[in-house]
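What follows is a short report on a single structure.
Naming convention: chains lettered A, B, ... in sequence-line order (proteins, then strands); numbering from 1 in each chain.
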There are 2 protein chains.
Amino acid sequence: MDPGTQPPARLRTTPSWLLTQTAAHAGRLVADGLGAVAARGYHYRLLAALHEGGPASQADLGRRCGIDRSDVVAALNELATRDLIRRDPDPDDRRRNVITLTPAGRRELHRMEQALDHVQTTLLAPLSGPERAELTRLLTALLDHHQQPR
Amino acid sequence: MDPGTQPPARLRTTPSWLLTQTAAHAGRLVADGLGAVAARGYHYRLLAALHEGGPASQADLGRRCGIDRSDVVAALNELATRDLIRRDPDPDDRRRNVITLTPAGRRELHRMEQALDHVQTTLLAPLSGPERAELTRLLTALLDHHQQPR
DNA sequence: ACACCAACGTTGGTGACGCCAACGTAGCAG
DNA sequence: CTGCTACGTTGGCGTCACCAACGTTGGTGT
């Protein structure tokens, strides 16, 4: 039909464009999947970090998840109103709060993971098993390299 | 030092997390690189599309770049005030504007590309040549697959 | 004991990106 | 002529990421 309705070739071969575009699609899928269980990325990251690392302070959670302290506050507020986490003052350090995953939070985390499993499937549909592993490896290498000065 | 300050393992092996995180880093690098020449992603995409495809309507540009019509308007306004593009009414279809790249716009596009070349280098630093090609191939496959219903 | 600095949680604001709804205008098909 | 579609424009919303500032608390140096 109408020619030139394709993305510019220079963009289509530029890794940064590819990354941001695929990430946009991935983000859309993730947002949809999490939205189906009334959650968003920050919620999942925080709950997953709590599940793996156990109770932690908000600052610790932020560092683990790569989320700014101020954004951790807001996300935890939302999780707390749904009773998915508990926020208790730390008796050993009165500056801190101890964030604890509640049973309901564990259940919600499980639902989120199911939704995300489905997202992975559809996202990686065009890739073979070895290709998925290779993609994971390459992205991990990029991430590790650029995350050293944290 | 303090253990458990690592991202959760489940996140670190999840492709969608890897994509969004690497994309966040890539986006940061791109934004910094383009910011050094007083531009942002939308500006680069639009100028690149104009350079490759020649003058076009705003709706066409939006389709080519994957940018919403309304966002095209704002970005073109910014480019127009810097005289990087011209916006003329289309005599053949009075609904449309014909967007044309000016010589100054071509120069700015060149500066942006230089900045982005540098970004690619630092972004892909940890990968070998074949690995970069493979990453590009995998991302392209993902993008093509998920862009069919456009 | 004191002053100093660092860390914590919190509030508020900014920007980029992506998306959607609505409007008036203009082209096109029936 | 009547609709339907496309176009440009305005305005708004949500997510993610980041920064500045404040008061409180902990730890350190002197």
Same cluster (ILVMFWY, side-chain, under 4.5 Å), B:Val98 and B:Ile85:
no
If you define the side chain from C-beta out and look only at heavy atoms, does anything of [X] sit under 4.5 Å from [Y]?
X: B:Asp88; Y: B:Ile99; result: no
X: A:Thr22; Y: A:Leu123; result: no
X: B:Glu134; Y: A:Glu134; result: yes

Atom-to-atom span, [atom1] of [X] to [atom2] of [N] - whole angstrom:
X: A:Arg40; N: D:dG14; atom1: CZ; atom2: C1'; result: 9 Å
X: B:Arg64; N: D:dC7; atom1: CZ; atom2: P; result: 13 Å
X: B:Tyr44; N: C:dA16; atom1: OH; atom2: P; result: 18 Å
X: A:Asn97; N: C:dC8; atom1: CG; atom2: C1'; result: 9 Å
X: B:Asp71; N: C:dA21; atom1: CG; atom2: C1'; result: 14 Å
X: B:Asp32; N: D:dA17; atom1: CG; atom2: P; result: 15 Å
X: A:His25; N: D:dC16; atom1: NE2; atom2: C1'; result: 18 Å
X: B:Leu29; N: C:dA16; atom1: CG; atom2: P; result: 17 Å

I want to verify a distance call: between [options], whose nearest atom is closest to the [X] side chain?
X: B:Ser70; options: D:dT10, D:dA17, C:dG18; value: D:dT10
X: A:Tyr42; options: D:dA17, C:dG18, D:dG8; value: D:dA17
X: A:Arg45; options: C:dG18, C:dT10, D:dC16; value: D:dC16

Evaluate B:His43 against B:Glu78 for side chain to side chain contact (heavy atoms under 4.5 Å, CB included), listing each step before the verdict.
CA-CA 8 Å; B:His43 299 149; B:Glu78 295 158 5; 2.5 Å; yes
Does atom CZ (A:Arg86) have a neighbourhood of more than 12 heavy atoms from anything else shown, all under 6.0 Å?
no
D:dT9 phosphate, OP1 or OP2, under 4.0 Å from B:Arg96 side-chain N/O
no
Side-chain N,O (B:Gln58) to OP1/OP2 (D:dA6) below 4.0 Å:
no
Have a look at [X] and say if it touches a base, only the backbone sugar-phosphate, or nothing, with a 4.0 Å heavy-atom cut-off.
X: B:Asp68; answer: base
X: A:Ala31; answer: nothing
X: B:Thr20; answer: nothing
X: B:Arg69; answer: base

Which is it for B:Arg137 and A:Glu131 under the salt bridge (Lys or Arg N to Asp or Glu O under 4.0 Å) test, yes or no, and what are the steps along the way?
CA-CA 10 Å; B:Arg137 193 183 68 80; A:Glu131 283 176 330; 2.9 Å; yes
By nearest-nucleotide position on DNA chain C, the 5'-leaning member of A:Val98 and B:Gly41 is A:Val98
Per nearest nucleotide of DNA chain C, the residue lying toward the 5' end, B:Leu34 or B:Asp90, is B:Leu34
For nucleotides 26-29 of chain D, give me every protein contact, N/O to N/O, under 3.5 Å, one pair per line with atom names.
unit_1, atom_1, unit_2, atom_2, d
D:dG26, OP1, A:Arg94, N, 3.1
D:dG26, O4', A:Arg95, NE, 3.4

Side chain to side chain contact (heavy atoms under 4.5 Å, CB included), that's the test. Do A:Arg82 and A:Glu108 meet it? Break it down for me.
CA-CA 10 Å; A:Arg82 296 170 58 191; A:Glu108 272 306 297; 3.5 Å; yes
Identify, with sequence neighbours excluded, every residue that meets salt bridge (Lys or Arg N to Asp or Glu O under 4.0 Å) alongside B:Arg87.
none
Checking only heavy atoms, does the side chain of A:Ser57 share a donor-acceptor pair with the base of C:dG9 at less than 3.5 Å?
no
Does anything in residues 76-83 of chain B reach DNA chain C, meaning a heavy atom under 4.0 Å, and if so which residues?
none
Decide side chain to side chain contact (heavy atoms under 4.5 Å, CB included) for B:Leu142 and A:Leu127; before the verdict, give the C-alpha distance in whole Å, the side-chain angles of both, and the deciding distance to 0.1 Å.
CA-CA 8 Å; B:Leu142 281 186; A:Leu127 299 187; 4.0 Å; yes
Would you sort out whether B:Leu109 and B:Leu50 count as a side chain to side chain contact (heavy atoms under 4.5 Å, CB included), showing the intermediate values?
CA-CA 10 Å; B:Leu109 175 59; B:Leu50 283 171; over 6 Å; no
Nearest-nucleotide 5' precedence on DNA chain D, B:Val73 against A:His43
B:Val73
